[in-house]
Protein chains: 2
Amino acid sequence: MAAPAKRFIDDYLSYLLARASHAVYKEFDQQVRSAGLASLEWRVLATLSDGDGSTGGMTIGELAQEVLAKQPTLTKLIQRMADAGWVSIGADPADARRTLVRANARGKRVVARLIDAARAHETALLAGLSAREVTRLKAVLRGLVRRPAA
Amino acid sequence: MAAPAKRFIDDYLSYLLARASHAVYKEFDQQVRSAGLASLEWRVLATLSDGDGSTGGMTIGELAQEVLAKQPTLTKLIQRMADAGWVSIGADPADARRTLVRANARGKRVVARLIDAARAHETALLAGLSAREVTRLKAVLRGLVRRPAA
DNA sequence: CGATGATATATGAAAATTCATGCAATTGGA
DNA sequence: TCCAATTGCATGAATTTTCATATATCATCG
């Protein structure tokens, strides 16, 4: 890096993370929109795409946490996505308080293509870094997420 | 890290960046709200706090880019912040199309305290990493921001 | 068994954000 | 010098998000 940071935000980790996240996503956003989705919809379908998503679905609360949205925001979005045919909503037989969300066949198709594109985008993004640097970067990011609450 | 990633998003850089950014900010959000600001207001005042901010102010367009908000979003926010007494708005003598934004004395006071708190929070956040690792992490994040447009 | 506290989600109102667009000002080229 | 293209921002309407709260359900304890 050339000139040293001269403003507080230029060396503030929270800000650097926000900018990096924003810049990386911005590059991919065009493909998401071309597929007919908005940012949060892509995030929802990506989260549902495997793991728990392929078994019983995820609860509204779990999904809200994973996609970094507040619960009412997600509830309203899931209702719109169900209306649009991307996901389906069902009751949880184990707990009637809970709503379960699963990707529909249509949602699964669109997200499968986007995941392929996302992998290609990430490969291009990280071409300047060694495999070891990428592994370390991701480990550090995971460590920042998993901090115990103070 | 323990279990290997089993879902696409668990190893997807864009998602890891978003989660890390969200988690780190969430820890600090309480102090921002206690100071009477919302997230984007803190970001605006932090951006204005030095560098260009202490000289002639910043234009709406420059500031929108720095704080990662769309231009109409920022225009409306700056109007609310001016009404609340955090910033002042003025014309740019060099270009009448432009609006200049500066922090007010009140805005400068509140942000000075928050910057101190932010530095302390970051120190605690990064306690588990060596200085070299921190420097490298920030360099990589800056590199992700500065990619040439494809 | 019943009451209480906790959990999960849905909803309405309010606030914030986005989109599309219009207007004013600047720039550059013919 | 003039005009077209571009730039910068403000605004209204629509959409999304948040906040506060209500309702239903579950878990625990007396």
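Side chains included, hydrogens not; waters and symmetry mates left out as well; all remaining heavy atoms used.
- The CG atom of A/D92 sits 12 Å away from the C1' atom of D/dC26 (whole-angstrom rounding).
- As a whole-Å value, the separation of A/R80 CZ from C/dA10 C1' is 14 Å.
- Under the 3.5 Å distance criterion, with hydrogens and angles disregarded, no donor-acceptor pair is assigned to the side chains of B/T75 and B/Q79.
- B/T99 has no side-chain polar atom (N or O) that falls below the 4.0 Å cut-off from OP1 or OP2 of D/dG8.
- Checking B/T75 against A/E41, the closest nucleotide of DNA chain D that is more toward the 5' end is the one next to B/T75.
- If you measure from atom NZ of A/K70 to atom P of D/dA20, you get 11 Å, rounded to the nearest angstrom.
- Taking only side-chain nitrogens and oxygens, B/Q79 comes nearer than 4.0 Å to OP1 or OP2 of D/dT11.
- The 5' end of DNA chain C is approached more closely, in terms of each residue's nearest nucleotide, by A/D95 than by the other of A/K76 and A/D95.
- Put simply, CG on A/D29 is 11 Å from P on C/dT18, counting in whole angstrom units.
- Closest to the side chain of B/Q71, from the set D/dC9, D/dC19, C/dT17, is D/dC9.
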Between A/I115 and B/Y12, does the side-chain contact (heavy atoms from CB on, under 4.5 Å) criterion hold? Intermediate values first, please. CA-CA 10 Å; A/I115 286 177; B/Y12 180 39; over 6 Å; no

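- Scanning all heavy atoms of the two residues, the minimum distance from B/A69 to B/L40 falls at CB-CD2, 4.1 Å.
- One can place CG of A/L37 at 17 Å from C1' of D/dT15, the figure rounded to the nearest angstrom.
- In this entry the distance linking CG of A/D83 with P of D/dT15 reads 14 Å, nearest Å.
- Close to C/dT7, at under 4.0 Å from its OP1 or OP2, lies no side-chain N or O of A/R98.
- Between A/T59 and A/R33, the residue anchored closer to the 5' end of DNA chain C is A/T59, taking for each the nucleotide with the nearest heavy atom.
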Evaluate B/R7 against A/E66 for salt bridge (Lys or Arg N to Asp or Glu O under 4.0 Å), listing each step before the verdict. CA-CA 12 Å; B/R7 301 181 301 172; A/E66 293 288 306; 2.8 Å; yes

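- For D/dC9, neither phosphate oxygen OP1 nor OP2 lies less than 4.0 angstrom from any side-chain nitrogen or oxygen of B/R97.
- Side-chain heavy atoms closer than 4.5 Å link hydrophobic residues (I, L, V, M, F, W, Y) into clusters, and following such links, possibly through other members, connects A/L125 to A/L137.
- Note: CG (A/L40) to C1' (C/dT18) measures 15 Å, nearest angstrom.
- Rounded to whole Å, the distance from CD on A/E62 to C1' on C/dT9 is 13 Å.
- Looking at heavy-atom distances under 4.0 Å, B/T73 makes contact with a base.
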